[in-house]
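A short worksheet on the structure shown next.
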Amino acid sequence: MTTIPADHQAELRHRQPSHGAIELQDDKGRRRTVQLDELSEADRVLAEKFGYKPVFKREFGYLSTFSFAVSISGLFATVSTTFVYPLYAGGAPSAVWCWLISGIGCMCIAFSVAELVSAYPTSGGLYYTVSRLAPHKWVPSISWITGWINLLGQVAGVASSEYGSAQLLLAAVSMGSDFTYLPSVGHTVGVMAALTVFCGLINSLSTYWMEKMTKTYVIFHVLVLVTCCIALLAKTENKHSASYVFVDVPSPALSGWTPKGFSFLFGFLSVSWVMTDYDATAHITEEISEPEVKAPWAISMAMLFTYLAGFLFNIVLAFCMGDTSEILASPIVQPVAQIYYNSLGKGGGIFYTVCAFIILQFVCFTATQSLARTFFAFSRDRLIPFSNVWIKINKRTGTPIYAVWISVVLCICINLVALGSYIAIAGVFNVCAIALDWSYIIPIMCKLIFGKFEPGPWHMGKFSTAVNVWACLWTLFVTIIFILPTNRPVTANTMNYAAAFLVAILVASTVYWFAGGRKWYTGPLIEADVLQDTDSHSSHKAENVGLDSEKA
């Protein structure tokens with residue numbers, strides 16, 4: 001990637017003079033005027049360039065930001081919960097080749113997102129960039145739809161991660177009982193709800209503690225991934241041949257789709273669900289020092305690590321998985337956990353399944369942090385109902401507590417559909433990938449069509465347009481795959497409910513738009529109007545628009 005020389009970075013970051021003042025307001029409504037030169041460089045840019053008042057402490061550095069970005073993918077655990085899709089689609093070759101092919105498209109999306117985050121590092125993420133990339137008259141409507149789709153994708157992402165986390169924990173319990181205990185859907189939903197509440201409690205801590213926890217994650221993840229691969233290769237007695245892993249696609253496919261080449265494509269779902277939520281790091285940019293450099297670097301490097309390590313991990317699993325039909329028929333409904341049990345025995349199976357559970361919980365911690373910051377950012381711009389509640393910052397922790405807990409409630413509610421239809425949970429996995437990727441592609445298309453983009457310190461130079469175009473085309477292609485049922489014949493128990501979830505949120509957001517949103521929503525608001533220090537204005541105070549009346 002191309003990095004702008006240091007002598008030009010200041011010009012990009014400071015398109016306005018770094019002097020003047022803004023008026024800040026605390027949680028009790030008390031106001032104080034702060035000179036811009038008293039703020040950190042990142043906070044000055046936030047106020048001057050983007051018009052937002054700094055409210056978060058910038059605790060995240062290079063390691064913790066990179067660890068945060070890696071934790072969003074949760075490679076070791078998320079592959080464990082989605083490996084079933086390529087197995088049904090086309091066996092071991094689907095798991096391997098779909099990862100290699102789809103990963104390229106996902107990398108293009110990730111690089112495109114990183115480029116936008118570098119230019120516009122706010123907690124609104126890609127939603128905010130529309131206000132800088134689209135013509136003024138189109139900003140409200142495009143921002144509205146981008147924001148709501150992104151919100152749906154993030155809620156679905158956290159919900160599906162918590163559900164998968166509950167499945168892994170109960171799978172370990174089942175192994176410990178020698179499979180005398182088999183988890184039911186009701187048990188899984190109950191454990192999911194408890195884990196989601198626990199995640200809410202963790203996210204109620206201050207950014208300081210979240211940064212400390214996040215920093216250790218990447219080391220633990222890499223150690224688990226490497227040791228598991230070594231253990232599987234060393235302990236699995238009857239490994240498959242290279243032909244079985246890379247060439248032999250079962251016919252007919254277990255999915256029931258024909259021809260088998262088409263069925264093969266459903267393996268893309270595992271990759272797209274693991275390698276998504278690229279903009280999660282963008283949503284904590286107001287908690288990162290030098291976010292215009294560190295955030296895009298973390299996004300790009302984390303996704304590159306996930307792509308390469310994930311490809312190798314899928315190959316190891318394919319060689320060591322044993323009989324496909326046997327692991328798909330596992331009583332714990334977790335093929336990868338069954339692989340651990342078969343190859344490593346009871347102790348090894350429980351250990352690595354619990355490790356996958358812990359890693360997936362880290363995914364939930366960081367994804368919930370990102371979701372809560374999204375609720376905060378969207379409420380700051382009055383995109384969602386009861387905005388004056390979700391923007392409130394707790395004076396002790398410095399975090400948006402109410403935004404955290406509305407995130408928890410929504411994630412539990414969306415997972416309750418499993419009580420009525422277990423297969424509907426697969427739709428939550430699907431809609432996560434679809435919604436999030438489209439919330440990225442809309443701003444990327446605005447960048448390509450309207451030509452208003454001004455690059456930040458991290459950008460792709462002459463490769464930018466080609467990468468952006470491929471990201472858009474790839475998203476359009478896989479969206480068609482992801483809304484189709486993954487199994488045939490299609491019945492109520494094999495239907496793909498992703499389209500239903502997506503339509504529901506689009507209808508709800510459209511009704512809300514016409515019911516009143518179009519009357520007051522004009523796109524991202526300016527809440528910090530910087531007053532320049534001049535003689536003619538020396539008696540004035542900084543003017544705040546948007547949140548003053550809501551006592552943020």
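You'll find the side chain of Ile393 stays beyond 4.5 Å of the side chain of Thr399, heavy atoms only. Considering only heavy atoms from C-beta on, Leu371 comes within 4.5 Å of Leu151 through its side chain. Met301 places none of its side-chain heavy atoms less than 4.5 Å from the side chain of Tyr62. Using a 4.5 Å heavy-atom threshold, the side chains of Leu360 and Thr78 count as touching. Residues Ser272 and Ser102 meet the side-chain proximity criterion, which asks for heavy atoms closer than 4.5 Å. Contact of the Arg373 side chain with the Pro400 side chain is registered, since non-hydrogen atoms from C-beta on lie closer than 4.5 Å. The shortest distance between side-chain heavy atoms of Leu100 and Tyr307 falls below 4.5 Å. Using a 4.5 Å cut-off on side-chain heavy atoms (C-beta onward), Arg518 and Pro140 make no contact.
Of the inter-residue distances, the one linking Thr368 atom OG1 with Asn203 atom CG reads 5.0 Å to the nearest 0.5 angstrom. Atoms CD1 and SG, from Ile441 and Cys446 in turn, are 11.0 Å apart once rounded to the nearest 0.5 Å. How far CG of Leu116 is from CD1 of Ile299: 9.5 Å, rounded to the nearest 0.5 Å. Atom CG in Leu133 sits 11.0 Å away from atom CD1 in Ile449 (nearest 0.5 Å). Taking CD1 from Ile145 and OG from Ser141, the interatomic distance works out to 9.0 Å, rounded to the nearest 0.5 Å. In this structure, CZ on Arg396 lies 11.0 Å from CD1 on Ile401, to the nearest 0.5 angstrom.
Using a distance-only test at 3.5 Å, with no hydrogens or angles considered, no donor-acceptor pair links the side chain of Ser67 to the main chain of Leu63. Side-chain N or O atoms of Asp381 include none that pairs as donor or acceptor with a backbone N or O of Leu383 at under 3.5 Å. A donor-acceptor pair is defined here as one N or O able to donate and one able to accept, closer than 3.5 Å; such a pair exists between the side chain of Ser407 and the backbone of Ala403. Using modelled atom types, one side-chain atom of Thr129 and one backbone atom of Leu126 make a donor-acceptor pair closer than 3.5 Å. Side-chain atoms of Ser464 never come within 3.5 Å of backbone atoms of Met460 as a donor-acceptor pair (strictly under, hydrogens ignored). No side-chain donor-acceptor contact under 3.5 Å links Ser118 to the backbone of Ala114. A donor-acceptor distance shorter than 3.5 angstrom exists from the side chain of Thr366 to the backbone of Phe362, with no hydrogens or angles considered. Between the side chain of Thr475 and the backbone N or O of Asp437, no donor-acceptor pair lies under 3.5 Å.
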May I have the step-by-step check of ring-ring contact (aromatic ring centres under 6.0 Å, His included) for Trp144 and Tyr521, ending in yes or no? CA-CA 8 Å; Trp144 183 275; Tyr521 182 75; 5.3 Å; yes

Go through Trp99 and Val274 one step at a time and tell me if the side-chain contact (heavy atoms from CB on, under 4.5 Å) criterion holds. CA-CA 10 Å; Trp99 190 280; Val274 175; 3.8 Å; yes

Taking it one step at a time, do Met445 and Trp438 satisfy side-chain contact (heavy atoms from CB on, under 4.5 Å)? CA-CA 10 Å; Met445 288 191 294; Trp438 273 100; 4.0 Å; yes

Any chance you could lay out the side-chain contact (heavy atoms from CB on, under 4.5 Å) test for Lys452 and Arg132, step after step, and finish with the verdict? CA-CA 7 Å; Lys452 298 178 64 178; Arg132 298 300 179 96; over 6 Å; no

Criterion side-chain contact (heavy atoms from CB on, under 4.5 Å) on Thr281 and Phe66, from CA distance to verdict: CA-CA 9 Å; Thr281 308; Phe66 174 72; over 6 Å; no

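A tilted orientation is assigned to the rings of Trp458 and Phe111, their planes being inclined by 30° to 60°.
With hydrogens and angles left out, the side-chain atoms of Thr374 and Gln154 include a donor and acceptor closer than 3.5 Å. Judged purely by distance below 3.5 Å, without hydrogens or angles, the side chains of Ser204 and Trp405 pair a donor atom with an acceptor atom. A donor atom on one side chain and an acceptor atom on the other are not found under 3.5 Å apart for Thr146 and Ser439. For the residue pair Ser112 / Asn468, a side-chain donor-acceptor distance below 3.5 Å is found, with atom types taken as modelled. A donor-acceptor contact closer than 3.5 angstrom is absent between the side chains of Ser206 and Thr397.
Pairs passing the salt bridge (charged side-chain N to carboxylate O under 4.0 Å, His left out) check and including a residue from residues 104-121, sequence neighbours excluded, read Glu115-Lys447.
Closest approach of Leu448 to Cys472, counting heavy atoms only: CD1-SG, 4.2 Å. For the residue pair Ile288 and Ala295, the shortest heavy atom distance occurs at CD1-CB, 4.3 Å. Shown here for Ala309 and Leu75, the closest heavy-atom pair between the two residues is CB-CD2, 3.6 Å. Nearest heavy atom pair, residue Ala134 against residue Ile142, reads CB-CD1, 4.2 Å. When all heavy atoms of Ala119 and Phe453 are compared, the pair lying nearest together is CB-CE1, 3.6 Å. Of all heavy-atom pairs spanning Ser143 and Ser131, the tightest one is OG-N, 4.3 Å.
A distance of 6.0 Å or more separates the ring centres of Tyr85 and Phe266. The ring of Phe268 has its center closer than 6.0 angstrom to the ring center of Trp474. Taking the centre of each ring, Phe378 and Trp390 stay at or above the 6.0 Å mark.
For CH2 of Trp470, the number of neighbouring non-hydrogen atoms (other residues, nucleotides, ligands) closer than 6.0 Å is 12 at most.
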